[in-house]
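Dropping a structure here in structure tokens format, bear with me for questions.
Below, chain A is the first sequence line, B the second, and so on; all start at residue 1. Worth knowing before you read on, the calculation uses all heavy atoms, side chains too, and leaves out hydrogens, waters and symmetry mates. Here the structure is a predicted model, which is why all the values come from computation and not from measurement.
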Amino acid sequence: MAKTPTKPKHDPATYPALGRALMAVEKPGAGKAVLIGLAVIVVLLFLADVAYYKKTYLDVEKVFGFYALFGLATGLVAVIVAMAMRFLLKRPEDYYAPHSTDAEAYPEEGLEREAHDG
Amino acid sequence: MAEAFPVAFLFFAGAALLLVLPRGPARAGLLLAVPLVAFAMVWALPEGNLWTATLIGVELEFTRVDKLSRVFALIFCFAAFLGNLYAWHVRDLLQQVAALLYAGSAIGATFAGDMITLFLFWEGTAITSVFLIWARRTQGAYHTGLRYLVIQIGSGVLLLAGAGLYWRDTGSLAFEAMTLGSPATWAIFLAFGIKAAFPLLHNWLQDAYPAATITGTVILSAFTTKLAIYALARGFAGTETLIWLGAIMAVVPVFYAIIENDMRRVLAYSLNNQLGFMVVGVGVGTELALNGVAAHAVAHILYKSLLFMTVGAVMFRTGTARGSDLGGLYRTMPLTAIFCVIGAMAISAFPLFSGFVSKSLILSAAAHEHYTLAWAALLFASAGVLHKTGIKVPYFIFFARDSGLRPKEAPPHMLLAMGIPAALCVLIGIFPGPLYALLPYPVEYEAYTVTHLITQMQYLMAAALAFVVLVHLGVYPREMRAINLDFDWTYRRLLPAILRALSGWLAAFWALWARSIEAGLSGVMRGLYRSHGPEGRMAAIWPTGSMVLAIAIVLGVTLIVNFAS
């Protein structure tokens, strides 16, 4: 099953058309544009609470922009807690070796490593 | 009733037929045909107890069909088809046979009308699925498989013990709704809980699924845990304990997934978190909630299979699923990247994707019943899903930094296997009607309301903004080659260490005790030797013939006693 890996071509002209189209995400400033765009969308969505009747079942839902605030807060809290956990719980990849697959290479016979060749 | 012949047996017959078919397209074709035929059979089955058999005086119900069992059986058949299509290239008979037996066992358990039949198929899923791990054929996979098997078989043993106690208590073995309270129901509940990956019983999932073969993980992801959800929905709907267990299940895996490097393990944590939503739904137990459980199980099997397939396709081409080794693959694997993004949007419950129309049933049910804390936990978990799976998996594999890898796009059969669930994730999201029609109870729920759309987009976009800000600031945990200890550390390291220490202490205590006894006996012997030995005082005062004299006296007394009597 395993094939000899071919040498990949790094020339974008050889990439699939879809891959080339997606390369727009690498344009200079794309990351900043995403950040600003998202921030604008979140602000607009936050303000949207004035523009419609919010049907709620719980009192907390009635707080203005609750879902936006909750999403932002939980997004930050989740990462902070996770980082604290990593500090305490991180171990080398071979911690359980040889009784786990964590540090093992996947058997080559189950792979079909093939580089993009245009 | 031939039409009601247990569908599971079709899978078993298919597995037997595989053994005599030649390698190649014939076997692969059979692997596709069996689940498709089974799907048609399940679709056509009327409701009722359709097929029974008697075993040692116990009537076993093999085909109990109602709307709940039908919807789970249908999605299991479809998942088996997708998994086997994805594995079209596999020529390993062990994996092929295991895949059919495993799917058949899961479907058999779904249709079980009594607890003995449930037990037989329940154990069937354990014994057959382990071969999808062992088929990796490495030392690590062997040990992982053993751990998996012990836990899964343990679940079955608990189920059997619970069934026996339940029969003693009630005189019935029917698999129906139960009330948690007696030892019998607790044993059954825990048996289901192990397979459903309850908190602290969950680590087999994150341990085993990333250790299986590339195709094996896709197949594993569909059956065992969702069978457990079905069993909970059948047996313990409305059990409030489940709400809190489910809330913990939904929240805790989020943190682990954020810092996990192995993308298949990230998906395993994510799977655990999605099970939490379903467990909460079972706990709420209203018609809306149970509809949500069934709908979410269907949607979840589709998008989770899809996500495991996309990560598997990357592994297939690059040999790794480590986030630290990947990045920038969208250039040469754009279709796989797009399928991954679709799966990620579905699991994150973006409007127009399947997760939106299924997860919201459960969240709404929790809110309607005023389980505010559980609802908040699920909302937190929803934002977490977006971070850990919705963004992290596609971002770190296909975008982020350029790893320099330029693998070829996934093979056509894998693309087809990914394309089908990807299309369904979108179709179900846009047209939820056909899915709702399959649910156990009539659905009076409108997913697409202004409130739902805006509130959902508010927290999804805000959570996404938090991710982007953290990445921009360089604060988001970077992928690194490491593992993170979880509860399995207790039985993989702590317990063996305690047992080793205990055995060391016992051995030392035994040696000390033996030495002291030996020393005491030696002292006695030395004393006797000193007094009665050749050099002893007693030896010096006793004549040499004293022993002969003593024997003569004893014989004389014996003669007298004998004569007198």
Side chains of B:Ile258 and A:Arg86 in contact at under 4.5 Å (non-hydrogen atoms):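 A side-chain contact is absent here, since even the closest heavy-atom pair is not under 4.5 Å.
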Heavy-atom pair count under 4.5 Å with chain B, highest-scoring of A:Arg20, A:Lys32, A:Met85: A:Met85
Say whether A:Glu93 and B:Asn261, considering side chains only, have a donor N or O and an acceptor N or O under 3.5 Å apart. no
With heavy-atom distances below 4.5 Å as the criterion, would you say the side chains of A:Thr101 and B:Pro210 are in contact?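 Sidechains of B:Pro210 and A:Thr101: no contact.
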Nearest-0.5 Å distance, CD of residue A:Glu112 to CE of residue B:Met315: 14.5 Å
Which atoms of A:Val60 are under 4.5 Å from chain B, going by heavy atoms: the side chain, the backbone, both sets, or neither? side chain
Answer yes or no: is there a side-chain heavy-atom contact under 4.5 Å between A:Glu61 and B:Thr455?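 Side-chain contact under 4.5 Å: no.
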What part of B:Arg137 lies closer than 4.5 angstrom to a heavy atom of chain A: side chain, backbone, both or neither?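 B:Arg137 has no heavy atom closer than 4.5 Å to chain A.
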Quick check on B:Val469 against chain A: is it the side chain, the backbone, both or neither that has a heavy atom closer than 4.5 Å? both
Atom group of A:Ala105 that falls short of 4.5 Å from chain B, counting heavy atoms: backbone
If I compare all heavy atoms of B:Ile483 with all of A:Pro92, which pair ends up nearest, and what's the gap? CG1-O, 3.5 Å
Compare every heavy atom of B:Pro334 with every heavy atom of A:Leu22, then report the nearest pair and how far apart it is.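 Taking A:Leu22 first and B:Pro334 second, the nearest heavy atoms are CD1-CB, 4.1 Å.
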Which side-chain N or O atoms in residues 366-373 of chain B pair as donor and acceptor under 3.5 Å with protein atoms at least two apart or in another chain?
| unit_1 | atom_1 | unit_2 | atom_2 | d |
| --- | --- | --- | --- | --- |
| B:His368 | NE2 | A:Tyr57 | OH | 3.2 |

Atom group of B:Thr213 that falls short of 4.5 Å from chain A, counting heavy atoms: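 Its backbone and side chain both get close to chain A.
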Flag side-chain contact, heavy atom, 4.5 Å: A:Ser100 against B:Arg147: yes
Under a 4.5 Å heavy-atom cut-off, does chain B meet the side chain of A:Tyr52, its backbone, both or neither?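 When you check distances to chain B, only side chain atoms of A:Tyr52 fall under 4.5 Å.
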Let me know if B:Ala212 has heavy atoms under 4.5 Å from chain A in its side chain, its backbone, both or neither.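 Just its backbone gets close to chain A.
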State whether the number of non-hydrogen atoms from other residues, nucleotides or ligands found under 6.0 Å of B:Tyr142 atom OH is greater than 12.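 12 or below, so no.
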Using side chain to side chain contact (heavy atoms under 4.5 Å, CB included), reason through B:Val475 and A:Met83 one step at a time and then give a plain yes or no. CA-CA 9 Å; B:Val475 180; A:Met83 286 170 72; 4.2 Å; yes
4.5 Å side-chain heavy-atom contact, B:Ile454 and A:Lys54: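 Counting from C-beta outward, B:Ile454 and A:Lys54 never come under 4.5 Å.
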Straight-line distance of B:Leu473 CG to A:Leu35 CG, nearest 0.5 Å: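 The CG atom of B:Leu473 sits 8.5 Å away from the CG atom of A:Leu35.
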Nearest heavy atoms of A:Gly110 and B:Ile214, plus distance in Å: O-CD1, 4.1 Å
With only heavy atoms counted, which part of B:Ile338 is less than 4.5 Å from chain A, the side chain, the backbone, both or neither? side chain
Approximate separation, where rounding is to 0.5 Å, of B:Asn484 CG and A:Arg91 CZ: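 If we round to the nearest 0.5 Å, B:Asn484:CG and A:Arg91:CZ are 9.0 Å apart.
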Heavy-atom distance under 4.5 Å to chain B: side chain of A:Tyr96, backbone, both or neither?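 Both backbone and side chain of A:Tyr96 come within 4.5 Å of chain B.
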B:Arg478 atom CZ, over 12 foreign heavy atoms within 6.0 Å: no
What pair of heavy atoms forms the shortest contact from B:Thr144 to A:His99, and how long is it? OG1-O, 4.0 Å
So which residue, B:His452, B:Arg265, B:Gln139, ends up with the most heavy-atom pairs under 4.5 Å with chain A?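 Between B:His452, B:Arg265, B:Gln139, the count favours B:Gln139.
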Assess the residue pair B:Phe255 and A:Leu89 against the criterion (side chain to side chain contact (heavy atoms under 4.5 Å, CB included)); give the C-alpha distance rounded to whole Å, side-chain angles, the decisive distance to 0.1 Å, and a yes or no. CA-CA 12 Å; B:Phe255 307 120; A:Leu89 303 174; over 6 Å; no
If you tally heavy-atom pairs under 4.5 Å against chain B, which of A:Val42, A:Leu38, A:Leu58 wins?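 Between A:Val42, A:Leu38, A:Leu58, the count favours A:Leu58.
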A:Val25 versus chain B, the contacting section by heavy-atom distance below 4.5 Å: side chain
Pairwise distance OG1(A:Thr74) to NE2(B:His387) - rounded to 0.5 angstrom: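 So the OG1 of A:Thr74 and the NE2 of B:His387 are separated by 7.0 Å.
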Under 4.5 Å from a heavy atom of chain B, the part of A:Leu76 involved: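 Interface part for A:Leu76: both.
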Which answer fits B:Leu470, side chain, backbone, both or neither, if we ask what part of it has an atom under 4.5 Å from a heavy atom of chain A?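 For B:Leu470, side-chain heavy atoms alone lie under 4.5 Å from chain A.
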Contacting region of B:Tyr330 [heavy-atom separation from chain A under 4.5 Å]: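 Contact with chain A is through both the backbone and side chain of B:Tyr330.
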When only pairs under 4.5 Å are counted, which of A:Ala97, A:Ala48, A:Ala73, A:Gly31 shares the most heavy-atom pairs with chain B? A:Gly31
Which heavy atom of B:Gly140 sits nearest a heavy atom of A:Glu104, and at what distance?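 Closest pair (atom of B:Gly140, atom of A:Glu104, distance): N-OE2, 2.6 Å.
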Closest approach of B:Ala462 and A:Ala68, non-hydrogen atoms and distance?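 Answer, listing the atom of B:Ala462 first, then A:Ala68: CB-O, 3.1 Å.
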Which bit of B:Val251 is near chain A, if near means a heavy-atom gap under 4.5 Å: side chain, backbone, both or neither? neither
Contact class of B:Met333 relative to chain A, heavy atoms under 4.5 angstrom: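 Neither part.
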Are B:Arg317 and A:Glu114 close enough that some pair of their side-chain heavy atoms sits under 4.5 Å apart?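 B:Arg317 reaches A:Glu114 side chain to side chain.
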Answer with side chain, backbone, both or neither: which region of A:Ala103 has an atom nearer than 4.5 Å to a non-hydrogen atom of chain B? backbone
Can you tell me how the ring of A:Phe70 sits relative to the ring of B:Trp375, calling it parallel under 30°, perpendicular over 60° and tilted otherwise? tilted
Closest-packed option against chain A by number of heavy-atom pairs under 4.5 Å, given B:Val254, B:Val450, B:Leu379, B:Thr318: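 Max contact count across the listed options: B:Leu379.
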Is there a side-chain contact between B:Met457 and A:Tyr67 in this structure, where contact means two heavy atoms from C-beta onward sitting under 4.5 Å apart? no
Would you please test B:Asp262 and A:Asp102 for side chain to side chain contact (heavy atoms under 4.5 Å, CB included) and show each step? CA-CA 8 Å; B:Asp262 182 334; A:Asp102 299 328; 5.6 Å; no
Flag the pair A:Glu26 / B:Arg331 as yes when at least one side-chain heavy-atom distance between them is below 4.5 Å, and no otherwise. yes
